[in-house]
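Presented below is the structure to which this report refers.
Because the structure is predicted, anything quoted here is derived from the model rather than measured. Numbered from 1 within each chain, the chains take letters A, B, ... in sequence-line order.
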2 protein chains.
Amino acid sequence: MNILYDERLDGELPDIDKADVLADLQQAAPGLTLLHREEDLRPFECDGLSAYRVLPMLVALPETLEQVETLMKRCRALGVPVVTRGAGTGLSGGALPLEKGVLLVMSRFNRILDVDPDARIARLQPGVRNLAISEAAAPYGLYYAPDPSSQIACSIGGNVAENAGGVHCLKYGLTVHNVMKVEVITIEGERMTLGSEALDAPGLDLLALFTGSEGMLGVVTEITVKLLPKPETAKVLMASFDDVEKAGRAVGDIIAAGIIPGGLEMMDKLAIRAAEDFVKAGYPVQAEAILLCELDGVEADVDDDCATVREVLENAGATGIQQARDEAERATFWAGRKNAFPAVGRMSPDYYCMDGTIPRRELPRVLKGIADFSEEYGLRVANVFHAGDGNMHPLILFDANRPGELEQAEELGGKILELCVEVGGSITGEHGVGREKINQMCAQFNPVELATFHAVKAAFDPHRLLNPGKNIPTLARCAEFGAMHVHNNELPHPELPRF
Amino acid sequence: MNILYDERLDGELPDIDKADVLADLQQAAPGLTLLHREEDLRPFECDGLSAYRVLPMLVALPETLEQVETLMKRCRALGVPVVTRGAGTGLSGGALPLEKGVLLVMSRFNRILDVDPDARIARLQPGVRNLAISEAAAPYGLYYAPDPSSQIACSIGGNVAENAGGVHCLKYGLTVHNVMKVEVITIEGERMTLGSEALDAPGLDLLALFTGSEGMLGVVTEITVKLLPKPETAKVLMASFDDVEKAGRAVGDIIAAGIIPGGLEMMDKLAIRAAEDFVKAGYPVQAEAILLCELDGVEADVDDDCATVREVLENAGATGIQQARDEAERATFWAGRKNAFPAVGRMSPDYYCMDGTIPRRELPRVLKGIADFSEEYGLRVANVFHAGDGNMHPLILFDANRPGELEQAEELGGKILELCVEVGGSITGEHGVGREKINQMCAQFNPVELATFHAVKAAFDPHRLLNPGKNIPTLARCAEFGAMHVHNNELPHPELPRF
């Protein structure tokens, strides 16, 4: 995929000399690990969106708060941009380096500082892996709810930066709903505490603002999360449909029946076949679509809900309904879903994973739209999604070795995201904007809203040194992208940054 | 109570002539209702915190978005501050007028625009009463969860401004957890949409930032809220204790047992007696403290939870446990709690309601601290609180006609809030900072954090025209209040606003 990296950014920066910066940082923070040779930098050139690659100027791997403080102060003084990276599993290029910037890698901050079962909270360094939190809480019958597919590898710091979701976020919320407090270091090298251990904190809600801000506002150095009691039981129903739009309608019907499933996932024919070929999950390969509906909670409650959901699915025209007989079969049903991405990857040299969100009622219409686009572009699209919260992950299959096909895939992806916006949805559900969706931000927001984003960003980072070029498009970019009306060659809000 | 209104504010404003402003607004917005005579302004001189009173210069009662836009544009051009007010039930003086400002009253925006039972959302104008939302949703078996005590009168716009809570917020969250989208008008008179109907929205989370921002960032003109299915059943247990600290400990034990009650409230002896005298709720007047624990959900589930809670309460040393036999008794139990404030009001010429939040585990320690302060100051304190989420409402009883007693009550209140901060809690749970708690903000936040609040505020309102003097203390105020270290008579961050 072509790198959309905005060259103008570096153009506006003061002349940055790598050797000077390295020498400065080495002197200011003698114990700080700094990587600078190309072979050492190479592993950091991309995050989970590997189509975008930029070699960073330097990589810093601090181990203490003081090192982070010093690094920030020096970068601020030298005018060097800083991109913060967690485990590098992000899917929108939020941690894509800058060739004249420092990549601040927080992986060495990997300690679980405290698990308090009475208060049901855990205090963590940002490099702690998502799954490790639940493992540490398990002896107390507790767990950390948000579960991105990458949970075995991704870090809680990255989860905060991207406001990560997962299969269970319909019922248990995104990262923002499960984080109580963060400690941060500003670009000035100063410390702040945002949020509190209480349900609310006074003043402006900077904790929520920080969550999902993709490293644009500061560096998170400690996180306090909520822990939840593990549900007593979980059961899963799999329903087959001979029509993908019927499956889409069934999703809305389940929610309308007063049920909030622990997970409610949908896969279409292409995804079903790919998953079945790959992991033998027992999926009905003749079906046009399947729904996986997990119900969790107290035994009696879950049994009632299973009966209700079964009835709803029947009325919605399901051609078959199967309940996992035991824990092993439940795990198998989920294994197909959780491996859907690599499974699709086996069917095609390349695929491009989208992440739009739409109101549930628009599922049938958007599915139809995606099918039409797929035909128009002659590219197959496999649909896998968190149907319950309207978060879609269409996977566009293409072959990067065929001339023009990559660009076609990108264009098709853009069309899908714009359709999401058109029906009242949004261009990202849980992967973030990062570098990938920066053009679609111009379709999502009006100039007043974008100007406000820039102004809020400037409140934390007036010199635009923190992860510049991500998350918030410049108004100039929006004008070029064509989604913003430019009158007499004048942009609205001329006082705002141009890059 | 003495008015803490900061006179310096007006001193810094351009010379504002009431007649000129009135004439300007009348010409710019011919249909706009504007009140300007003292007798018409009088009803608006305070909100629910009636100890603070200021007569506004003008009151505007718009009925259309265009009128709000025009009003904002003209006030921006004239440099006139704008304080927005909903139903005026707020308890922290967030809607306290300015004598050289316009009070923008949104009460005429009172239409329920849409109730969508399938998507489980309602679209509302800001003047809609909190309880009216649940009434409109009731035919579909749905309701709006946050339920401040004032829910019969308070408006959803005010709820958003103060991030209102209520008895059920432990389980169902504060306003911020139940709002999906708001339409706002900026001080420039421009429109923005924040949030979306999806679970998440891209870009910075300005919706959460706006929620609880007390009218400092813009005017909310439309709100989309989540609706929840009404629980199948709700049961309430009342437990008596011969020791208030034991009751405090039982609260933590219930949560630690894996139960999240729909409501978990505590009252001490003084509050129990006051409530019993007033509403005959059937409370045990000999008890030192009672807990009311409501469990809601599916019948079987609730029965299980009741059994568990009963066991926990017994182990915690409850001297008596009573379960409401029917809906009528349940309502009676709650009537005592919901009328606790007016009940206490009958015992004393004046009372001052505090609103601190603490980690649950600190309940016993803070209760002891409050008792000590009460003795030290010779003022009675009744304790009524949302114990489950650590949100305390100590009511300080005093007689404003006795010289010095008001100041003593204020000082005692300040001590309680500072104790809350000391144990890791916060100075407000659900009432907001407003005018009332502005000094305690200096104890809660460090200069870097306060500077960031000011910078974020300036991103929306660089000329500080929206509700100035509320929510965020100036650094000068913090220095005077003594909670901030001032070196060589220099404040940190000299570039920041001084008033």
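- Checked by atom type and distance alone, the side chain of A:Glu449 never pairs as donor or acceptor with a backbone atom of B:Leu194 at under 3.5 Å.
- Residue with the most contacts toward chain A among B:Val176, B:Leu217, B:Asp301, B:Thr428: B:Asp301 (heavy-atom pairs, distance under 4.5 Å).
- Of the residues considered (B:Leu174, B:Val433, B:Ile472, B:Asp253), B:Leu174 shows the highest number of contacts with chain A, using heavy-atom pairs under 4.5 Å.
- The two residues B:Ser213 and A:Leu204 make their nearest non-hydrogen contact at CB-CD2, 3.5 Å.
- Within the 4.5 angstrom heavy-atom criterion, only backbone atoms of A:Ile259 (N, CA, C, O) approach chain B.
- In terms of heavy-atom pairs under 4.5 Å with chain A, the best-connected choice from B:Glu197, B:Glu299, B:Glu214 is B:Glu197.
- The line from CD1 of A:Ile255 to CZ of B:Arg120 is 6.0 Å long, rounded to the nearest 0.5 Å.
- One finds the CD atom of B:Glu190 at 8.5 Å from the CG atom of A:Asn446 (value rounded to the nearest 0.5 Å).
- Looking at B:Ala300, the atoms closer than 4.5 Å to chain A (heavy atoms on both sides) all sit in the side chain, from C-beta outward.
- Closest approach of B:Pro202 to A:Ile427, counting heavy atoms only: CG-CG1, 3.7 Å.
- For A:Met192, the parts lying near chain B are the backbone and the side chain together; criterion is any non-hydrogen pair under 4.5 Å.
- Within the 4.5 Å cutoff, side-chain heavy atoms of A:Asp116 are placed close to those of B:Arg361.
- Contact detail for B:Ser426 and A:Ala201: the closest heavy-atom pair is OG-CA, 4.4 Å.
- With chain A as the partner, the residue from B:Gly252, B:Ala459, B:Gly425 showing the most heavy-atom pairs under 4.5 Å is B:Ala459.
- Note that the CZ atom of A:Phe445 and the CG atom of B:Leu206 stand 8.0 Å from one another [nearest 0.5 Å].
- B:Asp304 touches chain A through its side chain: at least one heavy atom from C-beta onward sits under 4.5 Å away, while N, CA, C and O do not.
- By number of non-hydrogen pairs under 4.5 angstrom with chain A, the leading residue of B:Val184, B:Thr193, B:Ile358 is B:Thr193.
- Annotation: maximal heavy-atom pairing with chain A below 4.5 Å, among B:Thr357, B:Val456, B:Asp389, occurs at B:Val456.
- For chain B, the nearby part of A:Phe460 is the side chain; its heavy atoms alone come within less than 4.5 Å.
- To the nearest 0.5 Å, atoms CZ (B:Arg360) and CG (A:Asp118) are separated by 9.0 Å.
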